[in-house]
Enquirer: 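Can you read through this structure? Questions will come right after.
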Amino acid sequence: MGKKTNLHRVTRNYLSWLWLFGLSVPAFAATNDDPLLSASAATPITTSSATTEARGVLRAVDQAVLSSELNARVVELPFREGEAFHKGDLLARFDCSAYQAQLAASQAAARAAQEELTQNRQLGEMKSVGRHAIALSEAHLAQAQAESQVYQIQVNRCRTTAPFDGRIVSRKIQVSEYVAQGTPLLDIVDNRHLEIHLLVPSRWLPALKPKQTFIFTPDETGQPLQAEIVRIGARIDESSQTLTLIGRLLKPDNNLLAGMSGNARFTEAP
């Protein structure tokens, strides 16, 4: 009788344990959802009733870091941070007295070589010099002209001009500093032409297409802006399974600056 009672008690405890375990499994799964995974599992943009959002940043189409093309001392930087300039304006000027002297010497050598060639050609017509002397004079002239072109290029690099309209982001050097070739000088940007770079889950790819519209709201302004997709990234990042989208604003806004970030909201079915 005691054995039957013990067996009944063990069986009852075992069944109770199974019942509790069976109920605890879904509860455990529900309390351990990864918030990042939940965010990445947003509803794809495949139905007009769904609203899908993604983060994006404004980037300038025209932006550059200008560098020195020679070894020289900086003598002029007309623009400071935040100031606007126009295409062709002088942005930096260098002390190029040495390069200018070399250019003058090479131009003089080229003129001398030209005179020598002219004289030898005249003598060649009178059979006073041979063809070999004339060929040497032609080679001397070509060498002098080539050297003159090299020095002319160096002198032209003494002035750095603006490649487009824009503004100064930062100055990497100051007046009177000596810089080496390749040294960054100025960071410039044109805020008139901006693109929206978005990072979206790669599973959205089948639902994306150029000209698809969306709303982009910069965090800094809070003003919703009409935009559209212009390009779809050429590669999916294998580690994050994300894809880059490039969009453009349908109406220009002079209050926007490169680097602003915000949310892109897709509300239209593809």
Enquirer: Using only atom types and a distance under 3.5 Å, with no angle test, would you say the side chain of Ser137 pairs donor to acceptor with the backbone of Ala133?
Expert: yes

Enquirer: In sequence, state the C-alpha distance, the side-chain angles, and the governing distance for Leu186 and Val65, and then conclude on side-chain contact (heavy atoms from CB on, under 4.5 Å).
Expert: CA-CA 6 Å; Leu186 300 165; Val65 177; over 6 Å; no

Enquirer: With side chains defined as the heavy atoms from C-beta onward, is the minimum distance between Val57 and Leu199 less than 4.5 Å?
Expert: no

Enquirer: Should the pair Arg171-Glu83 be classified as a salt bridge under the 4.0 Å nitrogen-to-oxygen rule?
Expert: no

Enquirer: Please check if the side chain of Ser148 supplies one atom and the backbone of Ala144 the other of a donor-acceptor pair under 3.5 Å.
Expert: no

Enquirer: Determine whether Phe85 and Leu91 make a side-chain contact, defined as any pair of heavy atoms from C-beta on separated by less than 4.5 Å.
Expert: yes

Enquirer: Is it the case that atom CZ in Arg167 sees more than 12 heavy atoms from other parts of the structure closer than 6.0 Å?
Expert: no

Enquirer: Output yes when a side-chain donor or acceptor of Asp89 lies under 3.5 Å from a complementary backbone atom of His86, and no otherwise.
Expert: yes

Enquirer: Within a radius of less than 6.0 Å around CG of Asn254, do more than 12 heavy atoms belonging to other residues, nucleotides or ligands occur?
Expert: no

Enquirer: With side chains defined as the heavy atoms from C-beta onward, is the minimum distance between Lys251 and Gln226 less than 4.5 Å?
Expert: no

Enquirer: Has the side chain of Asn191 got a donor or acceptor atom that lies under 3.5 Å from a matching backbone atom of Ala258?
Expert: yes

Enquirer: Are Thr183 and Ile173 packed together at the side-chain level, in the sense that at least one heavy-atom pair is separated by less than 4.5 angstrom?
Expert: yes

Enquirer: Indicate yes or no: does Glu195 engage Arg248 in a salt bridge with an N to O separation below 4.0 Å.
Expert: no

Enquirer: When you compare the side chain of Asn263 with that of Arg55, does any pair of heavy atoms fall below 4.5 Å?
Expert: yes

Enquirer: Within a 6.0 Å radius of atom CZ on Arg73, are there more than 12 heavy atoms belonging to other residues, nucleotides or ligands?
Expert: yes

Enquirer: A side-chain contact here means heavy atoms from C-beta on lying under 4.5 Å apart; do Arg93 and Cys158 qualify?
Expert: no

Enquirer: Regarding Gln241 and Asp237, is there a side-chain donor-to-acceptor distance under 3.5 Å anywhere?
Expert: no

Enquirer: Are any of the side-chain heavy atoms of Val200 and Thr242 separated by less than 4.5 Å?
Expert: no

Enquirer: Within the structure provided, determine whether Leu256 and Pro218 are in side-chain contact (heavy-atom separation under 4.5 Å).
Expert: yes

Enquirer: Examine distances only and state if a side-chain atom of Asn71 and a backbone atom of Gln181 form a donor-acceptor pair shorter than 3.5 Å.
Expert: yes

Enquirer: Looking at Glu177, I want to see if its CD is surrounded by more than 12 non-hydrogen atoms of other residues, nucleotides or ligands under 6.0 Å.
Expert: yes

Enquirer: Just by modelled atom types, is the Asp190 backbone N or O under 3.5 Å from a matching donor or acceptor in the Asp62 side chain?
Expert: no

